[in-house]
Amino acid sequence: NRRISFFGCHSLAKIYITNSVTSIGGWAFNGCRSLSKIDIPNSVTSIGKRAFGACSSLTVINIPNSVTSIADQTFESCDKLTQIFIPNSITSIGKESFNGCQSLSKIIIPNSVTSIGDRAFACCEGLGSLIIPPSVINLGDYVTGEHSGNYVKIAYPDDLNAKFSNDSQLTTIPYPR
């Protein structure tokens, strides 16, 4: 099955994606525990669901400007992911996209993002701050998790206040849109 062609290749450490590749399918590299770095060329316009899920050695990922959305669970359970560079081309971040990225300490969401899915940053114990830009009009439930134990400082547009009002684990800073 081409769609999950590298699924579970535990010893795969490096991969070179050529400029002829336009899409990375769902589950393509899921479970590639030794994969520590990947450069995605600008020719790639879409990355599928769980494409890099459970790549527990992946530390840094650069998403090219050619990609417009981060699919559900794309980087879920990437334990060692410390940095993610989200370009201004991204308009939506899917549900559970970074769920379980325990080493992710900071994420900058560009003003191009209008939608963030449920639990997008849940179980990110290292996440110290999250700034939700005023461009976000659709915000999922439990964006940083439900009583995850981490104390995340969140800045967000004040009309999204209801999304965070019941979570005592958060220090929230509403600001006017």
Side-chain angles (χ1 to χ4, degrees), residues 23-28 30 40 44-55 58-177:
S23 177
I24 298 173
W27 296 76
N30 187 280
I40 302 171
V44 173
T45 58
S46 68
I47 301 172
K49 179 179 180 176
R50 289 199 62 84
F52 298 99
C55 290
L58 192 62
T59 58
V60 178
I61 191 87
N62 291 313
I63 300 171
N65 286 325
S66 52
V67 176
T68 59
S69 67
I70 298 173
D72 296 348
Q73 304 167 326
T74 301
F75 301 102
E76 184 179 37
S77 299
C78 291
D79 303 353
K80 293 184 179 138
L81 186 65
T82 58
Q83 293 182 4
I84 182 86
F85 299 101
I86 300 176
N88 288 328
S89 60
I90 298 294
T91 59
S92 67
I93 297 173
K95 69 178 181 179
E96 300 177 350
S97 294
F98 299 96
N99 182 25
C101 293
Q102 299 171 9
S103 300
L104 192 60
S105 60
K106 180 181 175 185
I107 190 157
I108 297 171
I109 300 172
N111 284 324
S112 57
V113 174
T114 60
S115 177
I116 300 174
D118 297 346
R119 301 181 55 81
F121 304 101
C123 301
C124 293
E125 281 84 11
L127 190 62
S129 68
L130 177 65
I131 298 173
I132 298 173
S135 57
V136 173
I137 53 174
N138 295 311
L139 185 66
D141 292 328
Y142 305 110
V143 171
T144 58
E146 183 178 10
H147 310 294
S148 59
N150 51 329
Y151 292 87
V152 180
K153 187 178 289 185
I154 296 183
Y156 59 91
D158 59 6
D159 56 340
L160 296 176
N161 197 42
K163 290 288 185 177
F164 301 105
S165 62
N166 294 327
D167 196 337
S168 62
Q169 301 282 335
L170 303 176
T171 301
T172 58
I173 308 166
Y175 59 85
R177 198 177 276 279

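- Side-chain atoms of Leu127 and Phe98, non-hydrogen and from C-beta on, never get closer than 4.5 Å to each other.
- When all heavy atoms of Pro133 and Ile131 are compared, the closest pair comes out as CD-O, 3.5 Å.
- Taking the side chain as every heavy atom from C-beta outward, Phe121 and Asn99 never approach each other to under 4.5 Å.
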For this session: Output, in order, the C-alpha distance, side-chain angles, deciding distance and verdict of side chain to side chain contact (heavy atoms under 4.5 Å, CB included) for Phe75 and Leu104.
Result: CA-CA 11 Å; Phe75 301 102; Leu104 192 60; over 6 Å; no
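- Here the CD1-CD1 distance, from Ile70 to Ile90, works out to 4.5 Å after rounding to the nearest 0.5 Å.
- The distance from atom SG of Cys101 to atom CD of Glu125, rounded to the nearest 0.5 Å, is 10.5 Å.
- A pairwise comparison of heavy atoms in Pro64 and Ser89 identifies O-OG, 3.9 Å as the closest pair.
- Shortest non-hydrogen contact noted between Ala54 and Cys78 is N-SG, 4.4 Å.
- How far CD1 of Ile61 is from CD1 of Ile86: 11.5 Å, rounded to the nearest 0.5 Å.
- Looking at Asp72, its side chain never comes within 3.5 Å of a backbone N or O of Gly94 through a donor-acceptor pair.
- The shortest side-chain heavy-atom distance between Leu81 and Asp79 does not fall under the 4.5 Å cut-off.
- Panel note: side chain Ser135, backbone Asn111; a donor-acceptor pair is recorded below 3.5 Å.
- With rounding to the nearest 0.5 Å, the separation of CD1 in Ile63 from CD1 in Ile40 is 6.5 Å.
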Problem set entry | Worked verdict on Ile84 versus Ile107 for side chain to side chain contact (heavy atoms under 4.5 Å, CB included) | CA-CA 7 Å; Ile84 182 86; Ile107 190 157; 3.3 Å; yes
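- Here the shortest heavy-atom pairing between Pro87 and Pro110 reads O-CG, 3.4 Å.
- The closest side-chain heavy-atom distance from Ile108 to Lys106 is below 4.5 Å.
- Of the possible polar contacts, none joining the Ser97 side chain to the Ala120 backbone as a donor-acceptor pair under 3.5 Å is found.
- In terms of modelled atom types and a separation under 3.5 Å, the side chain of Thr114 and the main chain of Ile137 share no donor-acceptor contact.
- Here SG of Cys55 is found 9.0 Å from CZ of Arg50. Values are rounded to the nearest 0.5 Å.
- Checking side-chain atoms of Asp118 against main-chain N and O of Asp141 turns up a donor-acceptor pair under 3.5 Å.
- Here the side chain of Ser69 pairs no donor or acceptor atom with the backbone of Ile93 at under 3.5 angstrom.
- A donor-acceptor pair under 3.5 Å links the side-chain atoms of Thr82 to the main chain of Thr59, judged by distance alone.
- In this structure a side-chain-to-backbone donor-acceptor pair under 3.5 Å is missing from Thr74 to Lys49.
- Within the model, atoms SG of Cys123 and CZ of Arg119 stand 5.5 Å from one another, a figure rounded to the nearest 0.5 Å.
- With contacts defined as side-chain heavy-atom distances shorter than 4.5 Å, the pair Asn65/Asn88 does not qualify.
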